[in-house]
Amino acid sequence: MIPRTAGRARTLTYLTLLAVAFFSALPLYYSVVVASRDNSALADVPPPLLPGGNLLANVERVFDTVPFALALLNSVLVSGAIAISVMFFSTLAGFAFAKLRFRGGKALLVVTVATMMVPTQLGIIPLYLLMVKLEWTGSMYALVVPALTNAFGVFFMTQYLSRALPTELLEAGRVDGCTTWGLFWHVVLPVARPAAAVLGMLTFMSAWNDYFWPLVVLTPENPTVQVALSTLAAGYVSDYALSLTGTALGTLPLVIVFALLGKQVIGGIMQGAVKG
């Protein structure tokens with residue numbers, strides 16, 4: 001009786017996972033279907049369910065309509081730089097808040113976390129004026145420098161290191177003659193690697209999908225992917241085939257990053273959980 005119940009539960013679990021995977025992949029698949037046809041295909045009844053033969057022509061139109069190759073390069077560079085910077089500085093700050101004792105540390109952490117409650121839009125005007133003073137408008141510096149670290153990353157790494165990093169390990173390192181900086185490089189970073197990988201992936205996706213600030217500070221001639229996609233969707237008559245072709249191209253790097261790093265991130269999380 002117990003094995004039969006367990007078998008039914010396993011079957012139900014797999015069916016649920018298959019349903020979730022199907023409905024999650026359906027919008028992406030239909031985007032590819034529309035991207036491979038012309039704009040008139042959306043008016044067909046019933047709607048097309050199989051890809052057509054216009055995909056390469058639509059891809060060529062995307063690169064002819066907007067500087068999409070430059071937009072992809074800009075987004076890769078900006079998102080990669082932000083992700084690496086946030087991982088490093090958040091781990092460094094998390095180590096300080098979690099394991100180092102200094103005056104005002106708890107209050108400073110509270111202030112850092114409180115900044116997460118301030119809407120981003122409230123800081124756009126002073127931030128833009130600062131970029132004008134620095135003469136960074138229209139350049140990638142305006143996207144990377146303000147995002148070198150963030151409060152979520154600091155809080156995330158602080159919480160992780162406070163539990164995953166034993167104080168005894170740090171004390172043993174100090175007995176062996178390690179400085180604080182040496183402890184960070186040789187002890188903290190290996191322990192923080194699973195959480196830092198998760199934070200890096202989340203930060204990369206967030207920076208890649210950011211639209212509002214790049215739209216404000218960049219020029220149409222030097223866009224990121226999201227700004228380029230908004231240009232494709234502009235006009236009195238929306239060309240959905242063109243827009244969804246650009247969307248599929250803009251989503252492809254995220255899929256590749258997750259395919260390459262997803263197993264490492266999950267494996268790192270499990271390894272950190274076992275060690276903890």
Side-chain angles (χ1 to χ4, degrees), residues 73-116 120 140-210 253-276:
L73 179 61
N74 287 340
S75 289
V76 168
L77 294 178
V78 169
S79 301
I82 291 175
I84 293 173
S85 172
V86 167
M87 283 191 294
F88 177 77
F89 287 115
S90 296
T91 304
L92 189 61
F95 167 51
F97 283 126
K99 294 300 177 178
L100 301 182
R101 297 294 176 261
F102 56 95
R103 182 176 300 177
K106 293 184 178 180
L108 185 58
L109 179 61
V110 170
V111 172
T112 302
V113 174
T115 60
M116 297 171 59
T120 305
M140 296 299 107
Y141 293 110
L143 300 182
V144 175
V145 174
L148 288 177
T149 187
N150 58 57
F152 171 76
V154 173
F155 176 73
F156 180 76
M157 295 306 300
T158 300
Q159 294 299 108
Y160 179 82
L161 291 174
S162 63
R163 297 183 179 182
L165 182 61
T167 305
E168 294 79 6
L169 193 61
L170 297 176
E171 293 175 350
R174 291 194 182 278
V175 170
D176 290 338
C178 270
T179 62
T180 302
W181 190 250
L183 288 175
F184 175 74
W185 278 108
H186 300 294
V187 178
V188 177
L189 282 182
V191 174
R193 188 178 303 166
V198 175
L199 178 61
M201 179 171 291
L202 294 176
T203 304
F204 185 92
M205 294 177 62
S206 176
W208 185 275
N209 293 325
D210 190 16
L254 291 180
V255 176
I256 294 175
V257 169
F258 185 79
L260 293 177
L261 300 180
K263 183 180 295 186
Q264 297 180 12
V265 171
I266 295 174
I269 294 174
M270 297 304 297
Q271 182 181 2
V274 172
K275 286 184 178 180

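Note that the numbering runs from 1 along the sequence shown for the chain.
- The two residues Pro190 and Trp185 have their closest heavy-atom pair at CD-O, 3.8 Å.
- Pairing each heavy atom of Thr115 with each of Ala151, the nearest pair is OG1-CB, 3.4 Å.
- When the side-chain hydrogen bond (donor to acceptor under 3.5 Å, both in side chains) test is applied to Thr180, the partners found at least two apart in sequence or on another chain are Arg174.
- Scanning for side-chain hydrogen bond (donor to acceptor under 3.5 Å, both in side chains) contacts around Arg193 gives an empty result, with sequence neighbours left out.
- How far CG of Leu77 is from CE of Met140: 8.5 Å, rounded to the nearest 0.5 Å.
- How far CE of Met87 is from CG of Leu202: 11.0 Å, rounded to the nearest 0.5 Å.
- Taking Thr167 as the reference, Lys99 meet the side-chain hydrogen bond (donor to acceptor under 3.5 Å, both in side chains) condition, with sequence neighbours excluded.
- Heavy atoms from other residues, nucleotides or ligands lying under 6.0 Å from CE of Met205 number 12 at most.
- Residues passing the side-chain contact (heavy atoms from CB on, under 4.5 Å) test with Val113 are Leu109, Met116, Phe155, sequence neighbours excluded.
- With sequence neighbours excluded, the residues that form a side-chain contact (heavy atoms from CB on, under 4.5 Å) with Ala96 are Leu100, Phe102.
- The two residues Phe156 and Ala195 make their nearest non-hydrogen contact at CE2-O, 3.4 Å.
- Shown here are the side-chain contact (heavy atoms from CB on, under 4.5 Å) partners of Ala207, two or more places apart in sequence or in another chain: Ser79, Ile82.
- In this structure, the separation between OG on Ser162 and CZ on Phe95 is 13.0 Å, given to the nearest 0.5 Å.
- Judged by distance alone, the side chain of Thr112 and the main-chain N or O of Leu108 form a donor-acceptor pair under 3.5 Å.
- Residues satisfying the side-chain contact (heavy atoms from CB on, under 4.5 Å) test with Val187, not counting sequence neighbours, are Leu165, Leu169, Leu170, Leu183.
- Residues forming a side-chain hydrogen bond (donor to acceptor under 3.5 Å, both in side chains) with Asn150 (at least two apart in sequence, or on another chain): none.
- Considering all non-hydrogen atoms of both residues, Phe204 and Val76 come closest at CE1-O, 4.4 Å.
- Identified under the side-chain hydrogen bond (donor to acceptor under 3.5 Å, both in side chains) test for residues 82-94, with sequence neighbours left out: none.
- Residues Leu199 and Val86 meet the side-chain proximity criterion, which asks for heavy atoms closer than 4.5 Å.
- Heavy-atom minimum distance, Ala93 versus Thr158: O-OG1, 4.4 Å.
- In this structure Tyr141 satisfies the ring-ring contact (aromatic ring centres under 6.0 Å, His included) test together with Trp136, sequence neighbours excluded.
- The line from CZ of Phe89 to CE of Met157 is 14.0 Å long, rounded to the nearest 0.5 Å.
- With sequence neighbours excluded, the residues forming a ring-ring contact (aromatic ring centres under 6.0 Å, His included) with Phe184 are Phe88, Trp181, listed by chain and number.
- With values rounded to the nearest 0.5 angstrom, Leu92 atom CG is found 10.5 Å from Phe97 atom CZ.
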